[in-house]
Peer 1: 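Here's a structure for you.
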Amino acid sequence: MSKFRKSTTDRPEVSTASLPDIVFMLLFFFMTVTVMKDDTLKVKNELPNATEVKRLEKKDRVISIYVGGPNDQFVGALGTESRIQLDDKFANLSDVGPYILERLAKMPEELRPFVTISLKVDRKANMGLINDIKQELRTIGTLKINYTTYEGDTFMNLK
């Protein structure tokens, strides 16, 4: 009566030969897409708002200088005055020029004329310190300066 019979033959096994290729493709994909964190901030960095904002296209041509009051863990040792942070350490004003020249020396020759110095300044930072940094940058000939901000209403900076 039954027209359907259960077969006694085994099913073929799934081939796992291409599995390592797939794993390595995924590994390379995540390695190229993942962005590593640049610096650990040791200064307060509440950026101001601006209405005219333009995004920097090429991040490999940007050197960042952070300015702001020290974070809570450093207030006891450094006080509350605005400080300069280069990479992951605090620096003096006299260290800015040599730091920029050192970073420029590590870059390829063809990118050096297009380097932008990005000042990431806390909204409560002392403007006198910013002017001193700009003077230091002028003495070494780096005149392309960018202020990093958030897009928004400039009246929010008054709070």
Peer 1: Rounded to the nearest 0.5 Å, what separation is found between the CD atom of Glu57 and the CZ atom of Arg55?
Peer 2: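 Those atoms lie 9.0 Å apart.
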Peer 1: Which pairs, with at least one residue in residues 128-159 and sequence neighbours excluded, count as a ring-ring contact (aromatic ring centres under 6.0 Å, His included)?
Peer 2: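 Qualifying pairs, neighbours excluded: none.
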Peer 1: Between Glu102 and Gly97, is there a donor-acceptor pair closer than 3.5 Å when you use the side chain of the first and the backbone of the second?
Peer 2: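 Not a single qualifying donor-acceptor pair exists.
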Peer 1: Would you name the heavy atoms of Ala50 and Thr154 that are closest together and state the gap between them?
Peer 2: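 Result for this residue pair: CA-CG2, 3.8 Å.
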Peer 1: Taking all non-hydrogen atoms of both residues, which atom of Pro98 and which atom of Ser94 are closest, and how far apart?
Peer 2: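 Scanning both residues completely, I find the closest heavy atoms to be CD-O, 3.3 Å.
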Peer 1: Before accepting this row, confirm whether a basic side-chain N of the pair Lys89/Asp95 lies closer than 4.0 Å to the acidic partner's carboxylate O.
Peer 2: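 Salt bridge flag = no for Asp95 with Lys89.
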Peer 1: With side chain to side chain contact (heavy atoms under 4.5 Å, CB included) as the test, would you mind laying out the steps for Asn146 and Leu119 before giving the verdict?
Peer 2: CA-CA 6 Å; Asn146 170 44; Leu119 295 176; over 6 Å; no
Peer 1: In the structure I gave you, are the side-chain heavy atoms of Val115 and Met107 within less than 4.5 Å of one another anywhere?
Peer 2: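 The answer is yes; the side chains approach within 4.5 Å.
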Peer 1: Tell me, please, which residues at least two apart from Arg138 pass salt bridge (charged side-chain N to carboxylate O under 4.0 Å, His left out).
Peer 2: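 Partners of Arg138 by the salt bridge (charged side-chain N to carboxylate O under 4.0 Å, His left out) criterion come out as none, since no residue qualifies.
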Peer 1: Measure from the side-chain N and O atoms of Lys42 to the backbone N and O of Phe90, and report whether any donor-acceptor pair falls under 3.5 Å.
Peer 2: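 Between the backbone of Phe90 and the side chain of Lys42 there is no qualifying donor-acceptor contact (under 3.5 Å).
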Peer 1: Is Ile84 close to Leu93 at the side-chain level, that is, under 4.5 Å between some pair of heavy atoms?
Peer 2: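 With C-beta onward as the side chain, the pair touches.
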Peer 1: Hey, any chance Ile140 and Leu104 share a hydrophobic cluster, counting ILVMFWY side chains that come within less than 4.5 Å of each other, even indirectly?
Peer 2: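 They do share one cluster, since a chain of ILVMFWY contacts under 4.5 Å joins Ile140 to Leu104.
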Peer 1: Could you state the interatomic distance from CZ (Phe114) to CG (Asp60), rounded to the nearest 0.5 Å?
Peer 2: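 Phe114 atom CZ to Asp60 atom CG measures 11.5 Å (nearest 0.5 Å).
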Peer 1: Quick one: pull up CZ in Arg123 and CG in Leu158 and give me the separation to the nearest 0.5 Å.
Peer 2: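 Here the rounded value is 9.0 Å.
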Peer 1: Do Leu41 and Leu86 share a hydrophobic cluster, counting only Ile, Leu, Val, Met, Phe, Trp and Tyr and linking them when any side-chain heavy atoms are less than 4.5 Å apart?
Peer 2: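 No, no single cluster joins them.
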Peer 1: Hey, quick one: are Ile133 and Val121 part of the same hydrophobic cluster, counting side-chain heavy atoms closer than 4.5 Å, chains of contacts allowed?
Peer 2: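 Yes, one cluster joins them.
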Peer 1: Flag the pair Ile145 / Lys134 as yes when at least one side-chain heavy-atom distance between them is below 4.5 Å, and no otherwise.
Peer 2: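 Yes, side chains in contact.
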Peer 1: Please report the interatomic distance OG1(Thr142) to CZ(Arg103), rounded to the nearest 0.5 Å.
Peer 2: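 Reported value, rounded in 0.5 Å steps: 12.5 Å.
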Peer 1: Could you check whether atom CD of Glu110 has more than 12 heavy atoms from other residues, nucleotides or ligands sitting under 6.0 Å from it?
Peer 2: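 Count over threshold, so yes.
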Peer 1: Please check if the side chain of Asn126 supplies one atom and the backbone of Gly128 the other of a donor-acceptor pair under 3.5 Å.
Peer 2: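 It does hold such a pair.
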Peer 1: Quick check: is Tyr99 connected to Leu111 through a chain of hydrophobic side chains (ILVMFWY, heavy atoms under 4.5 Å apart)?
Peer 2: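 Different hydrophobic clusters.
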Peer 1: Between Ile63 and Thr116, is there a side-chain heavy-atom distance shorter than 4.5 Å?
Peer 2: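 Thr116 does not reach Ile63 side chain to side chain.
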Peer 1: Between the side chain of Thr34 and the main-chain N/O of Met31, is any donor-acceptor distance below 3.5 Å?
Peer 2: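 Judged by distance alone, no pair lies under 3.5 Å.
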Peer 1: Locate the shortest heavy-atom distance separating Asp122 from Glu46; write the atom from each residue and the value.
Peer 2: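 Answer, listing the atom of Asp122 first, then Glu46: OD1-N, 2.7 Å.
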Peer 1: Whether the side chain of Asn157 engages the backbone of Asn49 through a donor-acceptor N/O pair (distance < 3.5 Å, no angle test) should be reported.
Peer 2: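 Answer holds: yes.
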Peer 1: Might you point out which heavy atoms bring Ser82 and Ala125 nearest each other, and give the distance in Å?
Peer 2: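 Smallest heavy-atom distance, with atoms named: OG-CA, 3.4 Å.
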Peer 1: Short question: side chain of Gln135, backbone of Leu137 - any donor-acceptor pair under 3.5 Å?
Peer 2: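 Here the side-chain-to-backbone pair does not exist.
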Peer 1: With sequence neighbours excluded, tell me which residues meet side chain to side chain donor-acceptor pair (under 3.5 Å) with Glu109.
Peer 2: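 If we apply the side chain to side chain donor-acceptor pair (under 3.5 Å) test to Glu109, skipping adjacent residues, the hits are Arg112.
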Peer 1: Between Ile65 and Leu78, is there a shared hydrophobic cluster once you connect ILVMFWY residues whose side-chain heavy atoms come closer than 4.5 Å?
Peer 2: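 In one cluster: no.
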Peer 1: May I have the step-by-step check of side-chain hydrogen bond (donor to acceptor under 3.5 Å, both in side chains) for Ser118 and Thr148, ending in yes or no?
Peer 2: CA-CA 6 Å; Ser118 178; Thr148 303; 2.6 Å; yes
Peer 1: Near Lys124 NZ, under 6.0 Å, is it more than 12 heavy atoms from other residues, nucleotides or ligands?
Peer 2: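 Counting neighbours around NZ of Lys124, 12 or fewer heavy atoms of other residues, nucleotides or ligands fall under 6.0 Å, so no.
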Peer 1: Identify the two heavy atoms, one from Pro70 and one from Gly79, that lie closest to each other, and give their separation to 0.1 Å.
Peer 2: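 The pair with the smallest heavy-atom distance is CG-O, 3.4 Å.
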Peer 1: Drop me the distance from Asn71's CG to Lys44's NZ, to the nearest 0.5 angstrom.
Peer 2: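 The distance works out to 7.0 Å.
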Peer 1: Using atom types as modelled and distance alone, determine if a side-chain donor or acceptor of Arg83 lies under 3.5 Å from a backbone N or O of Gly69.
Peer 2: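 Not confirmed, Arg83 side chain does not pair with Gly69 backbone.
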